[in-house]
Visitor: 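Structure below; questions to follow.
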Amino acid sequence: MKTPRANNAAMPELPEVEVTRQTLAPALEGSRIQSMELGKPLRWPLGIDVARLQGCVFGPLQRRGKYLWMPLLHDALTPAASASSAGGLLMHLGMSGSLGFAPAGSLVVAAGPHDHVRIRTNSGVLTLTDPRRFGAVVWSEDLATPPASKLLASLGREPDDPALTAEWFHEQIHGRRAPIKQVLLAGDVVVGAGNIYACEALFDAGIDPRLRAERLSRPRAARLLQAVQHTLAQALALGGSTLRDFRDAHGMSGAFQDQARVYGREGLPCTSCGTPIRRVVMGQRSTFYCPTCQRR
DNA sequence: CGGGACGCCTGTGAGC
DNA sequence: TGCTCACAGGCGTCCC
């Protein structure tokens, strides 16, 4: 048996993306792009000539799943864009991405080896740092048009969407033969539950991750949905402290690590019943669960 | 069409 | 101590 890894990369989950949005919004909105520099290529090409972004003004930041949408309004002063056309940047932080903003007047550190996008505005410099480059920044004219529309097309409902009822959730997973954990991970029913949160939510709900989704009873589905929502909400509440350690190369932030009941705890006693936590691989991804507390 | 496997990347630490 | 190598993960894409 392998010893549990003490190292669990702090990846940007939905809560981190939301905290990023919240902290970035006041600084970025209304600021005007002066220039933009690209480092190494990310997941996809930007899809627009950098020069065309010059003079654009940031609109209100939005989040959809783990994507950030930064609307850009063409400045009327830019001759080529006088036709009030609009667009925006769709960003994903991938596995290791983070966004930083250095307000104008503050000391701007030189671009590091993993700073792949830098946007200089009249109010400061926005930097996307992403060592593994699973992230992306893509220009799109609209959320409703490609490429944005295609990227967002299969996303499920937001965890706090009022339309995400237990009834609807149960209905959605009813026809799914895949293991419930895979369905959560797929994100086409509910967005935001990554590998860690999926494991934790299933533990909360007392459900074996290998159980076929279609076999979940209505009450258990309701319980699971509640667990997913609770887990994500709790993480969001801790988001501030998580974000502080965001740039660290490894290790979940303290607050985050302390919360994990099963993730990364193979062989350690279940916090609830003492049974050693098990690890299995599902969809080529580590899955942790308590064989006693979580039932089929 | 659902579902499973793959590949993209690099830092990390276990093991030799 | 230095090197090699498996591993971590989101998600689009490909294939069955």
Side-chain angles (χ1 to χ4, degrees), chain A residues 1-18 20 39-45 47 63-68 90-99 112-117 128-138 140 146-156 171-200 209-215 232 235 242 245-253 256-257 260 262-267 279-288:
Chain A
M1 185 178 62
K2 290 180 63 180
T3 45
R5 292 169 71 91
N7 158 39
N8 298 296
M11 76 232 53
E13 300 263 0
L14 187 145
E16 282 77 5
V17 178
E18 175 58 19
T20 297
K40 290 185 184 175
L42 293 170
R43 184 157 199 188
W44 303 295
R63 180 190 56 75
R64 179 73 177 97
K66 295 175 190 172
Y67 287 91
L68 276 176
L90 190 69
M91 294 198 180
H92 197 290
L93 300 180
M95 291 294 308
S96 57
S98 62
L99 282 167
H114 303 306
D115 295 342
H116 305 304
V117 179
L128 173 65
T129 307
D130 186 1
R132 292 184 202 180
R133 292 193 280 137
F134 277 19
V137 180
V138 179
S140 193
S149 61
K150 289 192 83 172
L151 291 170
L152 305 179
S154 63
L155 293 187
E171 198 176 300
Q172 292 299 306
I173 67 174
H174 195 63
R176 304 284 288 264
R177 308 184 66 194
I180 182 60
K181 192 223 175 189
Q182 303 295 85
V183 173
L184 288 180
L185 232 43
D188 52 2
V189 180
V190 196
V191 295
N195 199 36
I196 297 173
Y197 291 141
C199 289
E200 295 301 312
R210 299 164 298 176
L211 180 67
R212 286 179 189 275
E214 62 184 358
R215 298 192 56 198
L232 289 171
T242 304
D245 296 330
F246 217 41
R247 288 170 189 284
D248 284 4
H250 66 97
M252 289 189 290
S253 71
F256 206 45
Q257 203 160 24
V262 287
Y263 188 86
R265 301 193 68 246
E266 182 188 14
R279 181 178 92 88
V280 291
V281 175
M282 298 175 63
Q284 297 158 286
R285 213 115 290 167
S286 282
T287 304
F288 301 89

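Each chain gets a letter, A, B and so on, in the order its sequence line appears, and its residues count up from 1.
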Visitor: A side-chain contact here means heavy atoms from C-beta on lying under 4.5 Å apart; do A:Leu99 and A:Met91 qualify?
Guide: yes

Visitor: Among C:dG10, C:dA8, B:dG3, find the nucleotide with the atom closest to the side chain of A:Arg132.
Guide: C:dA8

Visitor: For B:dG3, does either OP1 or OP2 sit under 4.0 Å from a side-chain N or O belonging to A:Gln182?
Guide: no

Visitor: Would you kindly check whether a donor in the side chain of A:Arg43 faces an acceptor in the base of C:dC11, or vice versa, at under 3.5 angstrom?
Guide: yes

Visitor: Nearest to the side chain of A:Tyr67 - C:dA8, B:dG3, C:dG12?
Guide: C:dG12

Visitor: Can you tell which of C:dA8, C:dG12, B:dT10 lies closest to the side chain of A:Ser286?
Guide: C:dA8

Visitor: Please tell me if the side chains of A:Val189 and A:Arg176 come closer than 4.5 Å, counting only heavy atoms from C-beta onward.
Guide: yes

Visitor: For the helix from B:dG2-C:dC16 to B:dC16-C:dG2, what is the angle between the axes at its two ends, each from 5 pairs, rounded to 10°?
Guide: 50°

Visitor: Check every atom of B:dC6, C:dG10, C:dG12 against the side chain of A:Lys66 and return the nucleotide holding the closest atom.
Guide: C:dG10

Visitor: For the side chain of A:Arg133, counting heavy atoms from C-beta on, which of B:dG4, B:dT10, C:dC11 is nearest?
Guide: B:dT10

Visitor: Counting only side-chain nitrogens and oxygens, does A:His114 get under 4.0 Å of the OP1 or OP2 atom of B:dG11?
Guide: yes

Visitor: Side chains of A:Thr20 and A:Arg63, heavy atoms from C-beta outward: is any pair under 4.5 Å?
Guide: no

Visitor: Kindly confirm whether the side-chain ring of A:Phe134 is stacked on the base of B:dC8, judged by centres under 5.5 Å and planes under 30°.
Guide: yes

Visitor: Side chain of A:Arg285 only, please: which of C:dG12, B:dG7, B:dG3 is the nearest?
Guide: B:dG7

Visitor: Which of the following nucleotides, B:dG4, C:dG12, B:dG11, is nearest to the side chain of A:Leu151?
Guide: C:dG12

